[in-house]
Structures are given as structure tokens and as C-alpha cells.
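The structure under discussion appears below in the form of C-alpha cells.
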2 protein chains.
Amino acid sequence: MRLAELSARSGVSTATIKFYLREGLLHPGRRVTATQADYDEGHLRRLRLVRALIQVGRIPVSSAREVIAALQDERMDLHQRLGTATWALPHGPEPDETDQATEAARRTADALMERLGWHRDNACDRPSAAPAYGMLVTAIAALSRLGYPCDVEHLEPYARAAERIAVSDLDLVERCGTPDEQVEAAVALTVLYEPVLLSLRRLAEAEESRRRFDGK
Amino acid sequence: MRLAELSARSGVSTATIKFYLREGLLHPGRRVTATQADYDEGHLRRLRLVRALIQVGRIPVSSAREVIAALQDERMDLHQRLGTATWALPHGPEPDETDQATEAARRTADALMERLGWHRDNACDRPSAAPAYGMLVTAIAALSRLGYPCDVEHLEPYARAAERIAVSDLDLVERCGTPDEQVEAAVALTVLYEPVLLSLRRLAEAEESRRRFDGK
DNA sequence: CTCGTTGGAGAGTGTCACTATCCTAAATAG
DNA sequence: CTATTTAGGATAGTGACACTCTCCAACGAG
């Protein structure tokens with residue numbers, strides 16, 4: 001398959017494919033002559049994944065590169081590769097340590113994880129989800145700065161929902177064949193179910209709001 | 001309160017506050033002299049909300065302006081204002097109608113909403129969550145293009161979790177005093193709980209991945 | 001042989017969220 | 001009452017990001 005055909009089959013312009021090749025998001029094709037290269041189904045699949053991560057999952061090109069690299073790193077086991085990939089995902093601004101709301105938020109987050117039996121070290125050492133922990137602290141701090149209650153009791157239902165969702169996610173992952181496919185699936189599902197989840201919540205809120213507030 | 005004090009109390013630079021004033025995210029202060037203006041607690045509160053929406057909720061300045069405007073629009077009821085605000089939230093690329101995966105995704109989304117008893121018109125007419133519906137379709141299409149199963153059966157647990165979360169959200173909203181406070185709360189909670197939810201899911205996935213895959 | 005096409009490289013584009021500079025007028029120190 | 005600092009407003013500039021355009025030499029179909 002030539003560049004033009006890869007472009008036609010993926011719906012991505014040749015200019016953008018060249019850009020991804022340059023940025024290392026797509027491995028180079030097999031060089032046929034000095035001015036031609038051959039691409040295969042693997043390239044098509046990878047390209048679709050990259051596109052989905054960037055366009056639907058809204059992750060920056062640089063993060064996508066790191067995520068892709070983690071997927072292929074043979075030196076790590078499944079859990080480590082997934083952790084490294086998750087680590088590379090965008091996660092907003094770091095908590096502002098000069099703010100006392102952050103300190104309180106950190107205590108709330110710790111108490112929540114304690115109650116759920118989640119491992120803090122899971123969240124603090126590589127490879128795992130420390131950025132997600134920072135993201136949680138930042139968000140809790142912002143909410144409490146605005147005066148909204150955001151303590152362990154309020155957060156627990158969200159965390160329980162997250163637990164159930166994670167179980168669904170990994171059930172889906174385990175149904176994939178090889179470990180390589182499983183890591184790819186885990187990353188793709190982590191990223192691409194985020195908009196699914198957010199849009200479902202917004203739709204559910206609209207529904208619930210209609211039920212409670214319509215006409216008020 | 002002068003600009004400098006507003007800046008000090010909010011932690012936002014005077015340059016940025018001036019920028020927000022220009023962009024209409026913050027109503028002008030009361031003019032004292034030709035070169036001085038006076039700001040009150042309302043400005044501080046608004047500024048904190050804007051900052052949280054932009055930095056934590058990652059919504060663009062232009063969307064934030066629309067959201068803020070919807071909050072204050074006295075012509076609409078609670079449900080309508082919330083719908084208008086939600087409508088202004090970022091929601092990724094529109095579904096690609098030239099793609100047949102989109103068509104299938106739309107059928108899946110419709111079937112899911114049917115099964116949950118959610119109202120499609122709720123999602124399609126203003127004021128409500130049509131962008132969220134488009135976002136859902138786009139994400140489902142991307143997943144199925146990558147070959148991941150994404151039918152009503154797989155989606156239902158996510159939707160059920162979303163329903164429970166929406167109930168928690170609106171319980172919190174109803175605990176706020178005046179209708180004006182309630183709309184603001186609804187928007188703030190919609191936007192600011194998104195990172196909470198996403199980070200909790202990532203943490204839960206890390207936990208579940210450790211349980212299942214560590215060492216594999 | 002010729003003329004459109006291909007792959008590669010570098011520069012350019014549009015958007016976004018600020019940020020730096022400038023200017024005038026007002027407050028304040030001496 | 002002058003001199004110096006500071007405030008507010010307008011305009012232009014910055015840096016990151018995700019492409020997108022332009023150019024060029026080498027293929028290759030007719």
C-alpha cells in the first residue's frame with residue numbers, strides 16, 4: 001500500500017500522515033525505491049488508533065507518541081505497560097502546593113483511597129497512575145475553593161461507580177487475545193471510553209434535570 | 001477592592017484579569033475615577049469560577065463566556081439554563097456522517113437511550129444536551145472502527161453508572177439555596193466533577209490492573 | 001520521452017490562552 | 001506643589017499545538 005492508498009483507506013490526508021511519520025507516531029513504511037514506501041495493515045490499524053486517541057480522546061501528539069511507545073515496550077509486563085501509558089495521558093495542571101485548599105484536598109483524596117482499599121503507592125510510584133492522583137487533588141481543591149462540598153462521603157458514590165466501570169473495562173480487555181492486543185485494548189478503552197462516560201453523564205444529567213426542574 | 005487586590009486574593013495575575021474583562025468573562029467593576037475601578041466579592045467569586053472552568057475543567061474561553069451568559073439569563077427556567085450551559089461545553093468533533101461506522105454508532109446510541117428510557121428529543125432540541133449525543137456517537141464510532149465491541153450490552157453498565165452519578169449530582173444541586181445558586185452549582189459540578197470522575201476511573205483501573213495483571 | 005505522482009523536508013498557518021509593552025491619569029511621598 | 005509610583009486600558013506579541021503548504025528530485029504509466 002502506498003501513502004495515497006493509506007490516506008484514502010484511513011480518511012487521513014497524506015500531509016497529516018507525513019506529519020505523524022515525522023513525529024514518530026507511525027513507524028516508517030518499507031522503502032521500495034528512493035521515493036516510494038510500502039505500508040501494510042499494521043500501519044492502517046496504528047493510524048486509526050492514533051487518530052482516535054488524538055481526535056476523539058483529545059490527547060496531544062506528544063502524549064500519543066509516549067503512549068504508543070509504552071504499548072510496544074517489551075521490557076515491561078502488562079500492568080507496567082498500562083501504567084506507563086496511563087502516566088503519559090494528559091492530566092491537567094499539577095496541584096498548587098502553595099494553596100491550603102490543595103492540602104485539604106490531598107487529605108480527602110487519601111482518606112477516600114484508604115476507604116476504598118486502593119493503594120496509594122499504586123498511585124505514587126511508577127508505573128501507575130500518579131498523574132490521575134494529582135488530577136483528583138486539583139479538582140477537589142477547585143471545588144472546595146468554590147465552596148462546594150466535596151468530602152469523602154460525597155465522593156464515595158463516584159468512586160464506587162468508577163470501580164464498577166473499571167471492572168467492565170478490564171473484563172473487555174481480558175477478552176482480547178495476546179498480551180500485546182490486551183495492552184492496546186486497555187489503552188484504547190481507557191482513552192476512548194472517557195468521552196463515552198462524560199457524554200452519558202451529561203445526557204443522564206439532562207434527563208434528571210428535566211425530571212426535577214422542568215418549568216421551574 | 002482594586003484590580004491588584006482582586007489579583008492577590010484570587011491568585012490570578014492582573015494581566016489575566018484584564019484579559020477576562022476584555023473577553024466578557026468578568027463583568028466590569030464600578031468605575032471610581034477615569035483610571036480606577038472597584039471590584040466586590042461577586043467579582044472574586046465569578047473569577048474563581050471562571051478560573052476553575054478554564055484550568056480544571058479545560059473549557060475554552062469562548063465556551064466559558066457562553067456558559068456564564070447562560071447562567072444569568074433570566075428569560076429561561078432552571079432546566080433551560082442548565083441545558084444552554086451544557087450546550088456550550090466543548091464536545092469534540094461532530095460525527096463524521098460520511099462514515100458508515102457513524103450510522104451504526106447512531107443506531108447503538110438510540111437503542112441505548114431507548115432502553116434506558118431517556119428522551120431523544122431531550123438530546124436533540126434546545127435547550128439540552130445534543131452536543132453530548134454527538135459526542136457519544138463519535139466515540140462509539142471510533143471504538144467500533146478500531147474493532148472493539150461497543151454495543152448496547154457493553155454500554156449499559158456505563159450508562160447505569162452515569163445515571164447514579166447524575167442523581168448524586170442533582171441531589172447536591174438541590175441542596176443549594178436560590179435557583180441562581182442552583183444553576184451555578186449545576187454547571188460547576190457538571191464541569192468540575194468530570195476530572196474527578198476520569199481520575200477516579202484511571203485510579204480504579206490501575207488498582208484492578210494490578211489485581212489482574214501484575215507480573216504478567 | 002513526458003508529465004503527473006510520490007515521498008521527504010522545512011517553513012508557514014490558524015487558534016488559543018495568555019503576557020508584555022505603552023500610554024495616560026491619578027494617587028502619594030517629600 | 002512637584003516628582004515618582006501605580007492603576008487601568010488598549011494593542012501587539014508569545015509560545016504551544018496540530019496541522020498544512022510549498023518545493024524538490026525521483027519514479028513510472030502511457
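Naming: A, B, ... by sequence-line order, numbering from 1 per chain. Computation of the quantities below employed the complete heavy-atom set of this structure, encompassing side-chain atoms and omitting hydrogens, waters and symmetry-equivalent molecules.
Extent of DNA chain D lying under 4.0 Å from chain B heavy atoms, first and last nucleotide in 5' to 3' order, is D:dA7 to D:dT11.
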Output side-chain donor-acceptor pairs under 3.5 Å for residues 28-35 of chain A, partner residues at least two apart or in another chain, one line each.
{"residue": "A:Arg31", "atom": "NE", "partner": "A:Thr33", "partner atom": "O", "Å": "3.4"}
{"residue": "A:Arg31", "atom": "NH2", "partner": "A:Thr33", "partner atom": "O", "Å": "3.3"}
{"residue": "A:Arg31", "atom": "NH2", "partner": "A:Ala34", "partner atom": "O", "Å": "2.2"}
{"residue": "A:Thr33", "atom": "OG1", "partner": "A:Thr35", "partner atom": "N", "Å": "3.1"}
{"residue": "A:Thr33", "atom": "OG1", "partner": "A:Gln36", "partner atom": "N", "Å": "3.2"}

Would you give me the side-chain donor-acceptor pairs under 3.5 Å for residues 183-192 of chain B, sequence neighbours excluded?
{"residue": "B:Glu184", "atom": "OE2", "partner": "B:Arg45", "partner atom": "NE", "Å": "3.4"}
{"residue": "B:Glu184", "atom": "OE2", "partner": "B:Arg45", "partner atom": "NH2", "Å": "3.0"}
{"residue": "B:Thr190", "atom": "OG1", "partner": "A:Glu205", "partner atom": "OE1", "Å": "2.7"}
{"residue": "B:Thr190", "atom": "OG1", "partner": "B:Ala186", "partner atom": "O", "Å": "2.7"}

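A straight line from CD of A:Glu5 to C1' of C:dT6 spans 14 Å, rounded to a whole angstrom.
Electrostatic pairing of B:Arg9 and B:Glu41 counts as a salt bridge here, judged by a charged N lying under 4.0 Å from a carboxylate O.
Qualifying salt bridge (charged side-chain N to carboxylate O under 4.0 Å, His left out) partners for B:Arg65, counting only residues two or more places apart in sequence or in other chains: B:Glu23. With sequence neighbours left out, the ring-ring contact (aromatic ring centres under 6.0 Å, His included) criterion links A:Tyr158 to B:Tyr193. Shown here are the salt bridge (charged side-chain N to carboxylate O under 4.0 Å, His left out) partners of A:Asp169, two or more places apart in sequence or in another chain: B:Arg201. Looking at residues two or more places apart in sequence or on another chain, you find a side-chain contact (heavy atoms from CB on, under 4.5 Å) between A:Thr178 and A:Asp180, A:Glu181. Scanning for side-chain contact (heavy atoms from CB on, under 4.5 Å) contacts around A:Ala141 gives A:Ala101, A:Thr102, A:Ala105, A:Arg145, with sequence neighbours left out.
Here the CD-CD distance, from A:Glu174 to B:Glu208, works out to 8.5 Å after rounding to the nearest 0.5 Å.
As judged by a 4.0 angstrom heavy-atom cut-off over every strand, A:Arg30 is placed among residues making no nucleic acid contact. Note on A:Arg65: nothing from the nucleic acid sits closer than 4.0 angstrom, heavy atoms only.
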Give each protein N/O atom lying under 3.5 Å from an N/O atom of nucleotides 7-11 of chain C, with the pair distance.
{"residue": "C:dG7", "atom": "OP1", "partner": "A:Leu3", "partner atom": "N", "Å": "2.9"}
{"residue": "C:dG7", "atom": "OP2", "partner": "A:Leu3", "partner atom": "N", "Å": "3.4"}
{"residue": "C:dG7", "atom": "O4'", "partner": "A:Thr35", "partner atom": "O", "Å": "2.7"}
{"residue": "C:dG8", "atom": "OP1", "partner": "A:Arg31", "partner atom": "NH1", "Å": "3.3"}
{"residue": "C:dG8", "atom": "N7", "partner": "A:Lys18", "partner atom": "NZ", "Å": "2.8"}
{"residue": "C:dG8", "atom": "O6", "partner": "A:Lys18", "partner atom": "NZ", "Å": "3.1"}
{"residue": "C:dG10", "atom": "N7", "partner": "A:Arg22", "partner atom": "NH1", "Å": "3.4"}
{"residue": "C:dG10", "atom": "O6", "partner": "A:Arg22", "partner atom": "NH2", "Å": "3.3"}

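Distances shorter than 4.0 Å separate some side-chain N or O of B:Tyr20 from OP1 or OP2 on C:dC18.
Note on the helix from C:dC1-D:dG30 to C:dG30-D:dC1: terminal axis deviation equals 10°, with five pairs used at each end and the result rounded to 10°.
A salt bridge (charged side-chain N to carboxylate O under 4.0 Å, His left out) check over residues 185-195 of chain B, counting only residues at least two apart or in different chains, returns the pairs A:Arg202-B:Glu194. Residue pairs meeting the salt bridge (charged side-chain N to carboxylate O under 4.0 Å, His left out) criterion with at least one member in residues 130-139 of chain A: none, sequence neighbours excluded.
Ranked by how close their nearest DNA chain D nucleotide is to the 5' end, A:Ala15 and A:Thr33 are led by A:Ala15. With DNA chain C read from its 5' end, the first of the two nearest nucleotides for B:Ser62 and B:Val32 is the one closest to B:Ser62.
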